[in-house]
Amino acid sequence: MMRTRPLKVALLGCGVVGSEVARIMTTHADDLAARIGAPVELAGVAVRRPSRVREGIDPALVTTDATALVKRGDIDVVVEVIGGIEPARTLITTAFEHGASVVSANKALLAQDGAALHAAAEEHGEDLYYEAAVAGAIPLIRPLRESLAGDKVNRVLGIVNGTTNFILDKMDSSGAGYQEALDEATALGYAEADPTADVEAFDAAAKAAILAGIAFHTRVRLDDVYREGMTEVTAADFASAREMGCTIKLLAICERAADGGSVTARVHPAMIPLTHPLASVRGAYNAVFVESDAAGQLMFYGPGAGGAPTASAVLGDLVAVCRNRLSGATGPGESAYAALPVSPMGDVVTRYHISLDVADKPGVLAQVATVFAEHGVSIDTVRQQGRLDGSGEASLVVVTHRASDASLTGTVEALRKLDTVRGVASIMRVEGE
C-alpha cells in the first residue's frame with residue numbers, strides 16, 4: 001500500500017545535472033512513486049542566481065539560502081549537485097545533523113573527505129549515496145558495493161573521463177594533434193573552457209580514489225592516487241602504438257598487490273592492445289573493467305557524463321534512499337575494514353614503451369641494452385630506425401618486460417647521461433596484456 005504523505009527532496013544546484021534531476025522528478029513522478037512506495041516532492045531548490053528562468057520549476061521553490069533549506073527539518077533527502085569542496089561539505093554534514101539523507105555527485109569532495117562524510121552519516125543514522133560521482137549513468141558503485149560484496153576484487157581498470165577519451169580517440173582516428181583534438185572537443189561541448197581538471201587527470205584521479213576505496217575495502221584518498229595528465233601525448237605516440245597493435249587511453253587503474261598485502265591507485269595515459277575491450281571505447285564514452293576472484297572479468301560501459309545520464313544515476317540513488325527511509329533502514333556505509341596500505345607509484349610493476357633519440361652509429365644499441373640490464377629491467381623488443389634528414393641520428397624504441405616504476409626511472413636517468421642518447425622522446429606504460 002502506498003503512503004500518501006510525500007517524501008520531501010531538497011535540490012542543491014540546478015545546473016546541467018540539477019535541472020535534469022528536477023525535470024525527471026516531475027515528468028516521472030508517478031513511476032517514481034510506484035517504485036518507492038510513496039510520492040516524492042521537490043521541496044526546495046538552492047541556486048546562486050535566482051533570476052535565471054528554470055523551465056518546469058516553480059519559482060517559489062527557488063532560494064539562495066542553501067543552509068536554511070537543509071536545516072528545515074522536514075527534508076527527507078538532500079540531493080547535492082553543486083560540486084566543489086565548500087560549501088558542499090558543510091551543507092552535507094548539516095543535512096545529516098537535521099535528519100536528512102544525502103545523494104551526491106561530488107567526486108572531488110568524496111575523494112578528499114569521504115571517510116568523514118560516511119562517519120557523519122553513520123553518526124546521525126542517515127544514508128550517503130553517490131553513484132553519480134563516478135562514470136555518470138554507468139551502474140558501477142552499487143555493483144562494487146553490493147553485487148560483488150561477497151567476492152574479492154583484484155583490479156579495476158577503466159576509462160572514467162569522457163573528455164579525455166574523446167580527445168585521444170580523435171587523435172587516434174584522424175591523426176590530429178593534441179591541441180587540434182582539444183579544440184574540437186571544446187567546440188562540441190565535451191571540454192570546458194578550462195579543461196585542466198580533465199586533461200591533467202584530476203577528475204579521473206578523484207574517481208580512482210573512490211573506486212579503489214570501495215573495491216578494496218580500504219580508505220584511499222585523492223592524495224594516494226598517482227596522477228599523470230595526457231597533454232604530452234603526441235601523434236608520434238599513436239604511430240608507435242599502432243606499430244605494436246595498440247591504442248592509447250587515459251586509464252584509471254586500481255590494483256591489489258599479488259600478495260594481497262597492499263593496493264595501488266593511479267591514473268595516466270597507457271598503451272593497450274587493440275584486442276582489449278577498452279580499446280574499442282570511442283568518443284566521450286566511459287568503460288570500466290573489473291576483475292574479481294569468483295565473477296571473473298566484468299565490463300561496465302556507457303555515457304560517463306552529461307545532464308541526463310548523470311541525473312539517471314542520481315535518481316537511482318534517490319529511489320534507493322527513499323525506500324530505505326520508508327523501511328526505517330539505511331544502506332551500506334563505508335567499508336574500510338581491510339585497511340590495506342596504499343603503495344607508492346615506485347612499487348608499481350608494468351611494461352614500458354620508451355622512445356629514444358640516439359646517435360646513428362655502431363655500438364649504441366649495446367650501450368642502451370647495458371643500461372637496462374644494470375638496472376634490472378628486461379627488454380622485450382627493440383626497434384631502431386635511422387633518419388634520412390642527414391642529422392646522423394636514429395629513433396630507438398624499447399619495449400620492456402614488466403618492471404617497477406622505480407627501476408625504470410633509474411634506467412631513464414642513466415640513459416640521459418649517455419653521450420649517444422640525444423634525448424628521451426617519450427615514455428609510456430603498456431597495460432591490459
Side-chain angles (χ1 to χ4, degrees), residues 107 110-111 114-115 117-118 121-122 127-160 204-221 224-225 249 251-267 270 272 275-279 281 285-302 304 312-313 316-317 319-321 323-324 329-343 347-350 402 431-433:
K107 54 189 169 287
L110 288 159
L117 294 178
H118 274 293
E122 183 177 359
D127 272 326
L128 174 62
Y129 276 53
Y130 44 91
E131 184 68 63
V134 179
I138 304 172
L140 183 58
I141 289 178
R142 191 171 288 114
L144 283 174
R145 194 159 68 167
E146 299 178 28
S147 303
L148 296 175
D151 204 345
K152 178 183 178 184
V153 175
N154 296 310
R155 196 174 196 227
V156 179
L157 172 75
I159 298 164
V160 295
K207 295 171 181 176
I210 295 170
L211 290 174
I214 296 170
F216 306 133
H217 305 281
T218 292
R219 286 179 180 169
V220 180
R221 289 171 48 88
D224 296 321
V225 181
K249 299 291 186 181
L251 298 178
I253 306 167
C254 311
E255 292 180 306
R256 188 189 300 268
D259 63 4
S262 64
V263 299
T264 59
R266 51 197 166 101
V267 176
I272 59 171
T275 53
H276 194 282
L278 292 178
V281 178
Y285 276 72
N286 284 191
V288 178
F289 205 70
V290 177
E291 300 174 9
S292 68
D293 275 0
Q297 298 180 331
L298 306 170
M299 182 167 164
F300 301 83
Y301 170 84
S312 171
D317 278 350
V319 168
V321 170
R323 286 172 174 169
N324 291 344
T330 55
E334 182 190 31
S335 176
Y337 72 89
L340 297 171
V342 182
S343 296
D347 293 346
V348 171
V349 175
T350 188
R402 292 175 65 82
E431 299 285 348
E433 308 121 278

## Note on the structure
Here the pair of heavy atoms bringing A208 nearest to V225 is CB-CG1, 4.2 Å
### Query
For the residue pair V160 and A252, what are the closest heavy atoms and their distance?
CG2-CB, 3.9 Å
### Nearest-0.5 Å distance, CD of residue E291 to CG of residue L298
9.5 Å
### Query
Rounded to the nearest 0.5 Å, how far apart are CG of L140 and CG of N286?
9.5 Å
#### Entry: Option from R155, K249, R402 for which salt bridge (Lys or Arg N to Asp or Glu O under 4.0 Å) with E431 holds
R155
### Message
Any non-hydrogen side-chain atom of L251 less than 4.5 Å from a side-chain atom of I272?
### Response
yes
### Message
Side chains of L211 and L144, heavy atoms from C-beta outward: is any pair under 4.5 Å?
### Response
yes
### Task
May I ask you to test the S335-R145 pair for a side-chain heavy-atom distance under 4.5 Å?
no
### Query
Rounded to the nearest 0.5 Å, what separation is found between the CD atom of E122 and the OG1 atom of T330?
8.5 Å
### Query
Does T218 use its side chain to pair, donor to acceptor, with the backbone of L340 at less than 3.5 Å?
yes
#### Entry: Expected output: side-chain E131 to main-chain I141 donor-acceptor under 3.5 Å
yes
### Query
Quick one: CD1 on I214 to SG on C254, what's the gap to the nearest 0.5 Å?
10.0 Å
### Query
Minimum heavy-atom separation for R219 to A115, with atom names?
NE-CB, 3.5 Å
### Task
Enter the distance from K207:NZ to L110:CG here, rounded to the nearest 0.5 Å.
12.5 Å
### Task
Over all heavy atoms of both residues, which pair between K107 and A133 is shortest? Give the atoms and the distance, please.
CB-O, 3.3 Å
### Query
Checking side chain to side chain contact (heavy atoms under 4.5 Å, CB included) against I253, which of L157, V267, T264 comes through?
L157
### Message
Taking the cut-offs as 6.0 angstrom to the six-membered ring centre and 45 degrees off its axis, would you call R142 and F300 a cation-pi pair?
### Response
no
### Task
Could you tell me whether a side-chain N or O of D224 sits under 3.5 Å from a main-chain N or O of V342, the two making a donor and an acceptor?
no
### Query
Any donor and acceptor pair, going by atom type alone, linking the side chain of D317 with main-chain N or O of Y130 inside 3.5 Å?
yes
### Query
Roughly how far apart are I159 CD1 and L278 CG, rounded to 0.5 Å?
5.0 Å
### Message
To check you understand the geometry: which heavy-atom pair defines the closest contact between P277 and M299, and what is its length?
### Response
CB-SD, 3.3 Å
## Note on the structure
On a heavy-atom basis, the closest approach of V156 and A215 is CG2-CB, 3.9 Å
